[in-house]
Amino acid sequence: MYGCKYCHTHLALEDDIVSKSFQSSHGNAYLFDKVVNITVGEREDRMMTTGMHTVVDIFCVGCGSPLGWKYEIAQEKLQKYKEGKFILERYMILGPNGTNYLRSPDAEVDGSDADEE
């Protein structure tokens, strides 16, 4: 089980991970099929490493912490598999055994969604 690192609210199950090889502007991120106990921000078009995507930022329902984003629409045909899926930034979540992930010291300033599959 993955949870919010601040309030420990349940967010996702390990079985719902699609990929562990994504990057965000803060370091490593996981792509999930299903995430619970979140609220969403406004829809916006965002240029990412893999092209233009329409996304909504996602926040913990328990404490309001930003957790990542949900892909609403992918413009590139090869990126359509991301639609309806969620990115949780690793440094914002607790791992399945309660592990706290640290923010990557090599994190870039601008956003990314590159996967290495």
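Just so you know, these numbers come straight off a predicted model, no measurement behind them.
- H10 meets the side-chain contact (heavy atoms from CB on, under 4.5 Å) test with M1, L13, V36, N37; sequence neighbours excluded.
- Taking 4.5 Å as the limit, some side-chain heavy atom of Y2 sits within range of a side-chain heavy atom of P96.
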For M92 and Y6, run side chain to side chain contact (heavy atoms under 4.5 Å, CB included): C-alpha distance rounded to whole Å, both residues' side-chain angles, the deciding distance at 0.1 Å, then the answer. CA-CA 8 Å; M92 292 302 296; Y6 294 110; 3.4 Å; yes
Working for side chain to side chain contact (heavy atoms under 4.5 Å, CB included), residues F32 and L88: CA-CA 8 Å; F32 285 85; L88 292 179; 3.5 Å; yes
Distance-only donor-acceptor hits, side chain of residues 54-61, under 3.5 Å, sequence neighbours excluded:
from, atom 1, to, atom 2, distance (Å)
T54, OG1, D45, OD1, 2.6
D57, OD1, R46, NH1, 3.2
D57, OD1, R46, NH2, 2.9
D57, OD2, R46, NH2, 3.2

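- Distance CZ/R90 to NE2/H26: 14.5 Å, rounded to 0.5 Å.
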Does the side chain to side chain contact (heavy atoms under 4.5 Å, CB included) test come out yes or no for I87 and Y71, once each step is laid out? CA-CA 8 Å; I87 288 287; Y71 291 101; 3.6 Å; yes
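- Side chains of S65 and K5: a donor-acceptor N/O pair is absent below 3.5 angstrom, by distance only.
- Side chains of L94 and C4 form no contact here, defined as non-hydrogen atoms less than 4.5 Å apart.
- With rounding to the nearest 0.5 Å, the separation of CG in L67 from CD1 in I38 is 7.5 Å.
- With sequence neighbours left out, the ring pair (Phe, Tyr, Trp, His ring centres under 6.0 Å) criterion links F86 to no other residue.
- Note on residues 61-72: pairs passing salt bridge (charged side-chain N to carboxylate O under 4.0 Å, His left out), not counting sequence neighbours, are R43-E72, K70-E72.
- Residues satisfying the side-chain contact (heavy atoms from CB on, under 4.5 Å) criterion with E83, sequence neighbours excluded, are I73, A74, K80.
- Residue Q75 holds its CD atom at 8.5 Å from NE2 of H53, rounded to the nearest 0.5 Å.
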Do T50 and K82 pass the side chain to side chain contact (heavy atoms under 4.5 Å, CB included) test, and can you show the C-alpha distance, the side-chain angles, and the key distance before you say yes or no? CA-CA 11 Å; T50 57; K82 295 177 185 174; 3.0 Å; yes
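- Relative to the six-membered ring of Y30, K20 meets both conditions, a distance below 6.0 Å and an angle of at most 45° to the axis.
- Rounding to the nearest 0.5 angstrom, the gap separating the CD1 atom in I17 from the CG atom in L31 is 9.5 Å.
- Here the straight-line distance linking atom OG of S24 with atom CE of M48 works out to 9.5 Å at 0.5 Å rounding.
- With sequence neighbours left out, D16 forms a side-chain hydrogen bond (donor to acceptor under 3.5 Å, both in side chains) with no residue at all.
- A distance of 9.5 Å separates NZ of K85 from CZ of F22, quoted to the nearest 0.5 Å.
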